[in-house]
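A short worksheet on the structure shown next.
Counting starts at 1 for both ligands and their atoms, following the listed order.
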Amino acid sequence: MTDTPGPVLHSDPRGAIFITPDLYQDMEHWHEVAAEIRRDSPVLRVEAEGWPAFWAITSHADVFEVSRRSDVFWNTERSAPGPDVTYDVLEAMGFALPRTLVHIHGQEHQKYRQVTNDWFKPAAVSRLQPAIDAIADEYADRLVELGGSCDLAQDLAVPFTLRVIMTIFGVPEQDEALMLRLTQGIFGAADPEYLGDFTDPLAFLSDTLGTFTEYFGELTADRRAHPADDLATVLANGQVDGGPLGETELLWYYIIVATAGHDTTSFAFGGGMEQLLRNPDQLRALQADPSLAQNAAEEMIRWTSPVRSFFRWTQEDTEVGGQAIAKGDVVLTSYPSANRDETVFVDPMRFDITRPDADKTLAFGLGMHYCLGAQVARREVRTLLSKVLERIDTMELAGEPEYQRAHFVSGVKHLPVTYTLR
Ligand code: HEM
């Protein structure tokens, strides 16, 4: 962990876990604090300097309820939890505030979601399986090339999930390094490892958005002129209200799919593998019975919950879990906390690939904004898992895993392992 102080709190200090990037680097401690909050203040008031005041929603039932009641709890331009300064600076620099699917609401959201919905339906996603298999084979083969030790997160999970999402888009392999820099520039902006030579995170974010604009502008023009069988073609030629998507909306659509579909899934895989290596009996059970991979992937996603939270903005006076919430109040849905709720999951702090209740996970959210890529993510995690297990005989941790320092999307970014091949 770094020594960087988090935001200063003027309320129960435990509320710091939801917004302090450092605290997501030690998830054991994080979950101890979250369990305490669930027990005594499941809807916790958090007032932190530089942040909008909010209610942290920590129980499964309440996160479920807030997500379901999208008529009362709206997604807005500030749905991604962050300090005010991020938005103020974006506006001051002349960038439009984000308008992706997670930032819009109601009928407008439905119209935009409709543009890609068919692409992400289970039947369409099942068509992607041969491509996912081939990419997973390619990356699992790296285990052979790497000769017995590697960083399972950076050497396999990160490039694999990036290649899958870029294949869906239709972005050529040679542009992947750029895409990696861009997605990490947005989600990893708080993590010094991803800042490179840039000492000013806001300048870095601005640079990232500028490059995204240019790259996807060119991609759009190309797919309008030469339609192909990929998601970029669907977006470039998509219609809303009888016309093409606006330039800003289109840019943000690319950004949400590129960013939401990459780090999230690699964190789920990396963090899940960490648990398998810490529970070698489960790793062996999975090797002995590959049919367990599907449930194992579900448990890896529940356990890691890489999307840490979203903000919703309350439209009328209401109540959640017995707590009065006023019109205009902000609520934060804590997915990692909901996914360890002891009233829903048996022995929630135990990682268990045979857990019968793993499918009660709220890691993908719920309701109108339910993760568009959930089926893709599930397939990716279980496919890469199966392909890795097909190749290894033994695998062990070769050092302490390192967690990304970020409060919005985070998880294991370095997973050093040693292994023997079959
Ligand atoms: C394990 C991996 C993933 C996790 C944990 C995850 C989690 C989430 C969560 C929590 C939400 C918000 C749900 C809500 O507000 O109720 C979301 C939305 C979204 N996700 Fe994912 N996601 C993952 C992978 C993906 C992938 C692979 C893609 C794309 C291929 C994707 C695309 C999206 C999009 C576009 C939205 C916005 C949907 C909307 O607002 O209508 N996600 N995701």
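- For E380, the salt bridge (Lys or Arg N to Asp or Glu O under 4.0 Å) test picks out no residue, with sequence neighbours left out.
- With distances taken over non-hydrogen atoms, the option nearest atom 15 (O) of ligand 1 out of R68, R312, R308 is R312.
- Ligand 1 is approached by P306 to a heavy-atom distance shorter than 4.0 Å.
- If you look at atom 21 (Fe) of ligand 1, the protein N, O or S atoms less than 2.8 Å from it are C371 SG.
- Using a 4.0 Å cut-off between heavy atoms, L366 contacts ligand 1 through its backbone alone, with no side-chain atom that close.
- Counting only distance, with no hydrogens or angles, the side chain of H60 and the backbone of K360 share a donor-acceptor pair below 3.5 Å.
- V102 CG1, 3.4 Å is the protein heavy atom nearest to atom 37 (C) of ligand 1.
- Ion pair R284/D281 not flagged as a salt bridge, since none of the NZ, NE, NH1 or NH2 atoms sits closer than 4.0 Å to an Asp/Glu carboxylate oxygen.
- Both the backbone and the side chain of H369 come within 4.0 Å of ligand 1, counting heavy atoms alone.
- Of all the heavy atoms of Y335, the ones lying under 4.0 Å from any atom of ligand 1 belong exclusively to the side chain.
- If you look at H262 next to ligand 1, there are no close heavy atoms at all, none under 4.0 Å.
- Within the 4.0 Å heavy-atom cutoff, H109 counts among the residues contacting ligand 1.
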